[in-house]
A.B. asks: 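Below is one structure. I have some questions about it.
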Amino acid sequence: MTTTRLLSATAVAEAAALLRGGALVAFPTETVYGLGADATNGRAVAAVFAAKGRPRFNPLICHYAEAEAAFADAAPDERARALAERFWPGPLTMVLPRRPESRVDLLTGAGLDSLAVRVPAHPLALALLRAAGVPVAAPSANPSGAVSPTTAAHVLEGLGGRIAAVLDGGACPVGVESTVLDLTGARPALLRPGGVPAEAVEALLGPLDRATAPGGEAPRGPGMLASHYAPALPLRLGATAAEADEALLGFGPVPTGTTLAWNLSETRDLAEAASRLFAGLRWLDTEGARLGLRGIAAMAVPEAGLGAAVNDRLARAAAPRR
Ligand code: TXA
Ligand code: MG
């Protein structure tokens, strides 16, 4: 027997009405929770930047229920159409030339002549986008620089009292943000590794230009600031074990005698590791502080597939704070 997953139609309709009225509504996607606003409403978009404490030069991604709606605001070439065919709905964001006739407010794209668009693969997100009937600008639903939210409770911890509503869809299955790909140049460039492995994109498009590593040269994406996803406790990378006064973010078998451990994946499964990353950082941060620990030691994760996204987030979480 196939069990049908029922969604609350009234919750979706209410959330859509709030969005259309210019309010901010957080909603689940397959990657992380997004903080949604009507992308055509400049005041609503400005409120997103204010609620997150996000610098205005850092543009937002526009979310759509269908590729054709996305391509009405951002002009696709053949590469973009092939990627949409293969990966949408899904955790891939494409940066494309913004169509001059687009109704998306200029603030959404931070005044750039490009626009980042994506069609998320989450039933509640798609239902909300359809009901809202407008492009929805949505950064991750966390205060700027903090760990991204993968549950409604995480959203409320960071933004409770500052947004109209959160649509609760449980835990996000992918757990790291979308892959951001810049297609405005002759060569496609990877601005952020994410839910679609770069290898899968390269299988379709050939080699990608890679954005600079955290702490490297000037960031290529306007939002690629070095320090991000940061827990309060300092993070030490490439550990094989935790010191007595450290918590451990484990991958694979965890050494016995560890004071406090969160295992990303006992079996070294990279998709499982990605899905457990942000919840683990939050939990180790809270519990570690409660136990008086002085930091978090993270075991090494292979760079392949979703491991690249996990390592990117860990490197930023460990980077010197702004
Ligand atoms: O998975 C995701 O992408 C989530 C969910 C909610 O969809 N959203 C998300 O948004 O991670 P945010 O704002 O946290 O990250 C968007 C990234 C930023 O690094 C931003 O700089 C980049 O995409 N971006 C957006 N528009 C851009 C543009 N026109 N050119 C270059 N980079 C852009
Ligand atoms: Mg974010």
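Since this is a predicted model, take the numbers as computed values, not measurements. Read the numbers this way: they start at 1 and go in the same order the structure lists the ligands and their atoms. Residues: numbered from 1 along the sequence shown. When reading the values below, keep in mind they use all heavy atoms of this one structure, side chains included, and skip hydrogens, waters and symmetry mates.
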A.B. asks: For T31, counting its heavy atoms only, list the atoms of ligand 1 lying under 4.0 Å from any of them.
C.D. replies: 1 (O), 2 (C), 4 (C), 5 (C)
A.B. asks: Should T29 be counted as touching ligand 1, given the test is an N or O pair under 3.5 Å?
C.D. replies: no
A.B. asks: May I ask you to say whether R316 pairs ionically with D312, meaning some side-chain N is under 4.0 Å from a carboxylate O?
C.D. replies: yes
A.B. asks: Hey, which atoms in ligand 1 end up nearer than 4.0 Å to a heavy atom of L191?
C.D. replies: 31 (C), 32 (N)
A.B. asks: Under 4.0 Å between a side-chain nitrogen and a carboxylate oxygen: does that hold for E287 and R290?
C.D. replies: yes
A.B. asks: Under 4.0 Å, counting heavy atoms only: does E30 come that close to any atom of ligand 1?
C.D. replies: no
A.B. asks: Give a yes or no on whether R43 atom CZ has more than 12 heavy-atom contacts from other residues, nucleotides or ligands under 6.0 Å away.
C.D. replies: no
A.B. asks: I'd like to check which ligand 1 atoms, numbered from 1 as shown, lie under 4.0 Å from a non-hydrogen atom of P139.
C.D. replies: 10 (O), 12 (P), 13 (O)
A.B. asks: For D182 and T184, which I'm curious about, is there any donor-acceptor pair between the side chains at under 3.5 Å?
C.D. replies: yes
A.B. asks: Are any of the N/O atoms in K52 less than 3.5 Å from those in ligand 1?
C.D. replies: no
A.B. asks: Against heavy atoms of H63, which atoms of ligand 1 measure under 4.0 Å?
C.D. replies: 5 (C), 6 (C), 7 (O)
A.B. asks: Record the part of A138 in heavy-atom contact with ligand 1 below 4.0 Å; permitted values are side chain, backbone, both and neither.
C.D. replies: backbone
A.B. asks: Between the side chains of T93 and R192, does any donor sit under 3.5 Å from an acceptor?
C.D. replies: no
A.B. asks: Is R276 close enough and on-axis enough to W262, meaning under 6.0 Å and within 45°, for cation-pi?
C.D. replies: yes
A.B. asks: At under 4.0 Å between heavy atoms, is it the side chain or the backbone of R54 that contacts ligand 1, or both, or neither?
C.D. replies: side chain
A.B. asks: Which is closest to atom 21 (O) of ligand 1 by heavy-atom distance: L96, L115, L112, N58?
C.D. replies: N58
A.B. asks: A116 heavy atoms, cut-off 4.0 Å: which ligand 1 atoms fall inside?
C.D. replies: 25 (C), 26 (N), 27 (C)
A.B. asks: Numbering the atoms of ligand 1 from 1, which are under 4.0 Å from a heavy atom of S140?
C.D. replies: 8 (N), 9 (C), 10 (O), 12 (P), 14 (O)
A.B. asks: State whether E202 and R210 are salt-bridged, where the test is any N-O pair (Lys NZ or Arg NE/NH1/NH2 against Asp/Glu carboxylate O) under 4.0 Å.
C.D. replies: yes
A.B. asks: Determine the minimum heavy-atom distance between A110 and F57, stating which atoms define it.
C.D. replies: CB-O, 3.6 Å
A.B. asks: When you look at V12 and F27, which way does the side-chain contact (heavy atoms from CB on, under 4.5 Å) test go after all the steps?
C.D. replies: CA-CA 10 Å; V12 168; F27 64 97; over 6 Å; no
A.B. asks: Considering only NZ, NE, NH1 and NH2 on the basic side and carboxylate oxygens on the acidic side, decide whether E177 and R313 come within less than 4.0 Å.
C.D. replies: yes
A.B. asks: So, with waters excluded, how many protein N/O/S atoms does the Mg ion (ligand 2) have closer than 2.8 Å?
C.D. replies: 1
A.B. asks: For N142 and Y33, which I'm curious about, is there any donor-acceptor pair between the side chains at under 3.5 Å?
C.D. replies: no
A.B. asks: Could you work out, for atom 22 (C) of ligand 1, the closest of P59, G111, P91 by heavy-atom distance?
C.D. replies: P59
A.B. asks: Please list, in number order, the atoms of ligand 1 under 4.0 Å from a heavy atom of E177.
C.D. replies: 1 (O), 2 (C), 11 (O)
A.B. asks: G109 near ligand 1, heavy-atom distance under 4.0 Å?
C.D. replies: no
A.B. asks: Sequence neighbours left out, what passes side chain to side chain contact (heavy atoms under 4.5 Å, CB included) with R56? Give chain and number order.
C.D. replies: A46, F49, L107
A.B. asks: Which atoms of ligand 1 have any heavy atom of S178 under 4.0 Å away?
C.D. replies: 1 (O), 2 (C), 3 (O)
A.B. asks: Going by the salt bridge (Lys or Arg N to Asp or Glu O under 4.0 Å) test, which pairs reach into residues 83-107, not counting sequence neighbours?
C.D. replies: none
A.B. asks: Taking distance alone, no hydrogens or angles, what donor-acceptor pairs closer than 3.5 Å link side-chain atoms of residues 160-171 to residues at least two apart or in another chain?
C.D. replies:
unit_1	atom_1	unit_2	atom_2	d
R162	NH1	A51	O	2.5
R162	NH2	G158	O	3.4
D168	OD1	G170	N	2.9

